[in-house]
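Throughout, residue positions are numbered sequentially from 1 according to the sequence presented. Remember, it's a predicted structure, so these values are computed and weren't measured experimentally.
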Amino acid sequence: MKLLQELYAQGLLSEGKVNELEKQIAKTGKTEEDIILEEKIVSEDSLFELKSKIFGIPFKKVRPEEVQAGVMELIPEEAAANYKMMPIARTENFVQIGMVYPEDISAQNALRFLANQENFTYQVYLISLSNLAALTKQRKNISAETRSALEELNKEKGEILEVLEKKTTVEKISEDAPIIKMVFVILRHAIEGNASDVHIEPGREKLTVRFRLNGILHASLSLPLSVHPSIIARIKILSGLKIDENRVPQDGRFSAKVGETDIDFRVSTFPTLYGEKAEIRILDPSTGLKSFEDLGLRGRALEVVKEAIKKPYGMILFTGPTGSGKTTTQYAILRTLNQESVNIVTVEDPIEYSIPGVNQSQVKPEIGYTFANGLRQILRQDPNIIMVGEIRDEETASLVINAALTGHIVLSTLHTNSSVGVIPRLIDMGVRSFLIPSTLRVVISQRLVRNLCPHCKIKIRPTEKIKSYILERVKSMPASTKEKVKIDNPLFIYDVKGCEVCSFTGYLGRTALFEVLSMNNELAEIILEKPLESLIFKAAQKQGMLTMEQEGVLRILSGQTTIAEVARATEERE
């Protein structure tokens, strides 16, 4: 009863309570760990950290989505359940084994036997009961289904390859049950895991499936390379792509009902050294079409945007890297403006979400239908509101300016490092500086950061370096914001921990950091006289604009995200 004795030594249990619990263990047959957790003497993490010190075995928290299904299969499901252990990673030299009871002699003997049988060496780590439960759930969910589909696929592999080689009818391939099941399993698990993207990537020896969760890619599944042609063919059929064309990239989309939700999937195929790679973007309208508040717009930034969209004409420009949520913010504005009395027309590349009441068009450069050509056609459609996916050249920039001048609200994207960089960029693209103040209403720059999981985030005292960083950013904020910021003494912030709800990542969902620049008289004078980025930035600060870094510090102080996330997002700007 080492754990109980150690808790007694630490003063967390009385001698009488130890005796009582020891009798309870003898009577019920439960483990020390079960009893301690039932009695809520210490938290699970604290208990297993204590156990790690007693037995000298490193304690490890494992994210289920990061463990490849093939690794888990190294130990039979029955043995894993019986001895409370699970393979969690594999390197060239050994397999990492997570065990709840590494001190159990029978578990040690079973592991040695299995290692000899499967011919692998191993290293043992201590994992908690809840972590093992999450790993077991992941294994049962994805491994059993993919294994079943693989078995069916292997039986019919000869027929499938024959179908592909002869390029027979689409109907024959699409009706192949194992392929349908395999693709469905991959997509369903991606959706259930709240993934935004699925990457299906052929390698030299295996086919890897990776999910993007909260902006970070995680390896989820390894499959035999032999199933690759079948899976890609099925995805192409669903997306309406040419299955016999594998030399050039293709784009498509399809919709499916998963549970009670209609979900759109945007598909892109790309030829690589070992075969075609498929990237599938999961577009769930219930999560993709958000309100301003859900996006993270608040305070002055929210007021400025709401005021800008009330104007009868003018440009609202967005800037930020790929995957920063620009399109989602644009759609939020379109939904606000979408009324029966207005005609909204878009030209996009690609169309992310279908919005009822909005006329959306997809550019096709291969046939000469570009943003510039599309915009010309839009102006003949009697629009009130126009969205152009991106200003890529001087021609599109000129057309966008003219559209704003002639009484249209125009939304578009421009690639710059910050909101203040948009104005010099427009001038570089041939837009005359005197046209900018009369057409530009707002510039919105944004980056995405991961939200801390509210179920497990922990309160910590920051280091002196981090504290200094926070205080300096607060000090440089506009007076209107600075006077509302409360700095506690001592200062506390929040950090990641990890739990079953967030799949042990410590994060749950994402939000955007915004930098919103609004046109005013002072800014107009600078643009006409000396449109330098440094001068524009000073004018923006005077009007109360927060930089994304300052906005990030406010999110840190409110316990919404971490210093690491803000640093990652804002450093990308440099």
Side-chain angles (χ1 to χ4, degrees), residues 63 65 193-197 211-218 287-288 290-302 305 318-332 413 415-419 443-460 462-463 465-467 469-470 472-474 476-477 481 485 491-499 501-517 545-574:
R63 298 173 182 175
E65 74 277 2
N194 296 316
S196 61
D197 300 82
F211 295 164
R212 188 178 293 279
L213 306 170
N214 294 327
I216 309 297
L217 272 173
H218 301 282
T287 58
K290 298 180 178 180
S291 68
F292 293 143
E293 290 78 4
D294 290 337
L295 292 170
L297 265 173
R298 60 185 191 178
R300 172 199 167 271
L302 178 58
V305 172
F318 297 80
T319 182
T322 302
S324 60
K326 299 186 298 296
T327 303
T328 304
T329 307
Q330 288 176 319
Y331 283 179
T413 300
H415 281 290
T416 63
N417 287 331
S418 64
S419 57
V443 179
I444 301 171
S445 183
Q446 64 185 88
R447 301 288 189 279
L448 291 177
V449 293
R450 291 181 289 173
N451 292 328
L452 277 166
C453 174
H455 302 280
C456 66
K457 65 181 181 181
I458 54 173
K459 204 172 187 180
I460 61 166
T463 63
K465 186 177 179 181
I466 291 173
K467 183 179 177 181
Y469 168 87
I470 291 171
E472 283 175 15
R473 269 56 182 184
V474 171
S476 65
M477 289 177 184
T481 302
V485 179
L491 176 63
F492 286 96
I493 59 174
Y494 289 84
D495 203 358
V496 296
K497 182 183 178 185
C499 65
V501 176
C502 61
S503 298
F504 298 93
T505 63
Y507 294 101
L508 202 60
R510 290 188 292 175
T511 191
L513 302 179
F514 290 96
E515 192 175 275
V516 179
L517 173 69
M545 184 190 84
L546 286 173
T547 66
M548 277 181 282
E549 191 175 31
Q550 290 169 336
E551 178 70 28
V553 166
L554 293 180
R555 305 289 177 88
I556 293 166
L557 291 172
S558 67
Q560 189 173 358
T561 192
T562 63
I563 189 86
E565 275 297 291
V566 171
R568 178 186 61 80
T570 55
E571 282 169 8
E572 287 175 359
R573 301 176 59 204
E574 305 303 324

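- Glu565 places no side-chain N or O within donor-acceptor distance of the main-chain N or O of Val449, the cut-off being under 3.5 Å.
- The shortest heavy-atom contact between Ser419 and Ser445 is N-CB, 3.6 Å.
- Salt bridge absent: Arg298 and Glu293 never bring a charged side-chain N and a carboxylate O closer than 4.0 Å.
- Proximity of a side-chain donor or acceptor of Thr570 to a complementary backbone N or O of Val566 within less than 3.5 Å is detected.
- No donor-acceptor pair closer than 3.5 Å links the side chain of Arg447 to the backbone N or O of Glu549.
- Here the closest heavy-atom approach between residue Leu508 and residue Pro454 is recorded as CD2-CD, 4.2 Å.
- Between Gln446 and Leu295, the closest side-chain pair of non-hydrogen atoms is not below 4.5 Å.
- A side-chain N or O of Thr562 and one of Tyr507 form a donor-acceptor pair less than 3.5 Å apart.
- Every residue two or more places apart in sequence or in another chain that forms a side-chain contact (heavy atoms from CB on, under 4.5 Å) with Lys459 is listed here: Phe492, Tyr494.
- For the pair Pro321 and Lys326, the tightest heavy-atom approach, listed with the atom from each and the gap, is O-NZ, 3.0 Å.
- Annotation: the span from Ser196 atom OG to Leu213 atom CG amounts to 7.5 Å, rounded to 0.5 Å.
- A search for side-chain contact (heavy atoms from CB on, under 4.5 Å) contacts involving Asn451 returns Thr511, Gln560, not counting sequence neighbours.
- No side-chain donor-acceptor contact under 3.5 Å links Lys457 to the backbone of Gly506.
- Scanning for side-chain contact (heavy atoms from CB on, under 4.5 Å) contacts around Ile460 gives Ile458, Ile493, Asp495, with sequence neighbours left out.
- For Thr416 and Thr319, the side-chain atoms include at least one donor-acceptor pair closer than 3.5 Å.
- When the options Lys465, Arg473, Lys467 are evaluated for a side-chain contact (heavy atoms from CB on, under 4.5 Å) with Tyr469, the one that passes is Arg473.
- Between atom CD1 of residue Ile563 and atom CD1 of residue Ile466 there is a gap of 5.5 Å, rounded to the nearest 0.5 Å.
- Going from atom CG of Leu448 over to atom CZ of Arg510 covers 5.0 Å, rounded to the nearest 0.5 Å.
- A 4.5 Å side-chain heavy-atom check between Val474 and Leu557 finds at least one atom pair inside the cut-off.
- At least one side-chain heavy atom of Leu546 sits less than 4.5 Å from a side-chain heavy atom of Leu554.
- In this structure, the separation between CZ on Arg568 and CZ on Arg450 is 6.0 Å, given to the nearest 0.5 Å.
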Verdict with reasoning, Gln330 to Phe318, per side-chain contact (heavy atoms from CB on, under 4.5 Å): CA-CA 8 Å; Gln330 288 176 319; Phe318 297 80; 3.3 Å; yes

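- Side chain to side chain, Glu515 and Thr547 fail the donor-acceptor criterion of an N or O pair below 3.5 Å.
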